[in-house]
Amino acid sequence: MHIDLTDIALSYDDAGQGTPILFVHGFPHSRRLWDAQVAELAAECRCIVPDLRGFGDSDVRGPYSMDRYADDLAALLDALRIERCVVAGLSMGGYVAFAMWRRHRARIAGLVLADTRAEPDDDEARAKRRKMIDTARGEGMRAVADLMIQGMVGKSTRESNPALADQVYAMLASAPVEGTVGALEAMMDRADSTPTLGEIDVPTVIVVGDEDVLTPPKFARAMHEGIAGSRLTVIPRAGHVSNAEQPGAFNDAVRELLRLLPDR
Ligand code: MLT
């Protein structure tokens, strides 16, 4: 589906009924990242799955920032008349979830923070992003996908399920260049979310693949320590896109979050 919000048109899927969960993809992904969640969980809850601005079938138009992505999603919830929902964000989707918490916390009933981190970029990370911007602009998205695929998908999946690794590669390689550049700049400038951790007082499940080399388990443990009452699930044989690599274990973590919600 396609929806015109105040200044942007976003594409999204809306499947199932019951407690709404807003699934927020990472970088440079699209809503297709969440196919294995929608396939199972739409029988149990309402899955709202948007393409962030600049990705998938949504408009490719700035400005890009974590706050702007968060505001777009709040506008989507308004348009769908959803007052409160669970927000499940993977990696950059987790950075967006933190921005939503700061700007629209009344909308958030619970959080799933997957393969993400609260810390901002350091100088080394910013330098890498500048190089990636040059690669995207100069050589295109296949070159970006070539650089990213090893880190994006865990070693076990690359060995045992090359078809999934190919699907993830295709998703990265088909991302729009300008949306990708906008997201890289937005991630370089993103706020430090470590002070946000202590403010989070809704049920929260933190998930990480034990083979995630982009946001390794130490970052998940730090979030778990910072968010009172949070639960931590470390998924074996999964890398950075743990939800696609081990959907059964990931979906169980989402179900755990649903059970923690006070009034369903
Ligand atoms: C993502 O998957 O969203 C990215 O790896 C996040 C990042 O580069 O910080």
Side-chain angles (χ1 to χ4, degrees), residues 22-34 37 49-56 58 64-66 68-70 73 87-100 111-136 141 143-154 157-158 164-165 167-176 179-194 206-209 211-220 222-223 235 238-246 250:
L22 178 68
F23 287 96
V24 189
H25 65 75
F27 165 88
H29 303 159
S30 74
R31 66 191 196 276
R32 297 276 74 84
L33 176 78
W34 299 108
Q37 279 57 61
V49 196
D51 287 327
L52 292 173
R53 69 166 64 209
F55 292 105
S58 287
Y64 298 97
S65 67
M66 295 306 135
R68 183 55 75 116
Y69 294 134
L73 297 180
V87 178
L90 184 132
S91 199
M92 186 179 81
Y95 312 156
V96 176
F98 284 130
M100 279 192 84
L111 285 165
V112 178
L113 298 170
D115 300 279
T116 190
R117 67 169 88 187
E119 293 76 5
D121 277 9
D122 58 18
D123 288 344
E124 193 188 334
R126 287 198 188 95
K128 277 194 192 153
R129 298 212 198 270
R130 275 188 214 100
K131 275 183 83 172
M132 199 175 281
I133 289 173
D134 291 343
T135 304
M141 286 309 293
V144 172
D146 287 339
L147 285 177
M148 291 198 77
I149 192 66
Q150 289 265 111
M152 193 59 65
V153 178
T157 302
R158 276 184 272 123
L164 178 66
Q167 265 178 39
V168 173
Y169 180 92
M171 179 173 66
L172 309 182
S174 64
T180 296
V181 169
L184 284 163
E185 288 171 347
M187 287 193 288
M188 282 163 71
D189 289 345
R190 76 183 188 277
D192 181 1
S193 292
T194 53
I206 294 154
V207 187
V208 66
E211 298 176 9
D212 184 347
V213 292
L214 292 181
T215 46
K218 69 173 181 184
F219 292 108
M223 291 187 293
I235 301 183
H240 190 57
V241 286
S242 61
N243 69 308
E245 295 178 56
Q246 296 293 343
F250 191 97

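Below, each value reflects all heavy atoms present in this structure, side chains not excepted, and no hydrogens, waters or symmetry copies. Whatever order the structure lists them in is the order used to number ligands and atoms, beginning at 1.
- The shortest distance between side-chain heavy atoms of H25 and W34 falls below 4.5 Å.
- Near L214, with a cut-off below 4.0 Å to any heavy atom, the atoms of ligand 1 are 5 (O).
- Closest to atom 5 (O) of ligand 1, if we only count protein heavy atoms, is H240 NE2, 3.3 Å.
- The protein heavy-atom contact nearest to atom 1 (C) of ligand 1 is S91 OG, 2.7 Å.
- In this structure, a donor-acceptor pair under 3.5 Å is present between the side chains of T215 and H240.
- You'll find the side chain of V181 stays beyond 4.5 Å of the side chain of M132, heavy atoms only.
- For T157, the side-chain hydrogen bond (donor to acceptor under 3.5 Å, both in side chains) partners at least two apart in sequence or on another chain are E245.
- Protein heavy atom closest to atom 8 (O) of ligand 1, with residue, atom name and distance, is R129 NH1, 2.9 Å.
- Residues passing the side-chain hydrogen bond (donor to acceptor under 3.5 Å, both in side chains) test with D146 are Y169, sequence neighbours excluded.
- The contact set between ligand 1 and M92, taken as ligand atoms under 4.0 Å from a residue heavy atom, comprises 1 (C), 3 (O).
- Close approach of ligand 1 to Y95 is summarised as follows: ligand atoms under 4.0 Å from at least one heavy atom of the residue are 6 (C), 7 (C), 9 (O).
- Using a 4.5 Å heavy-atom cutoff, the side chains of F55 and S58 are not in contact.
- At under 3.5 Å, a nitrogen or oxygen of F27, whether backbone or side chain, sits near a nitrogen or oxygen of ligand 1.
- The shortest side-chain heavy-atom distance between V207 and V112 falls under the 4.5 Å cut-off.
- At a heavy-atom distance under 4.0 Å, no atom of R117 approaches ligand 1.
- Counting atoms of ligand 1 from 1 in the listed order, those under 4.0 Å from a heavy atom of G26 are 3 (O).
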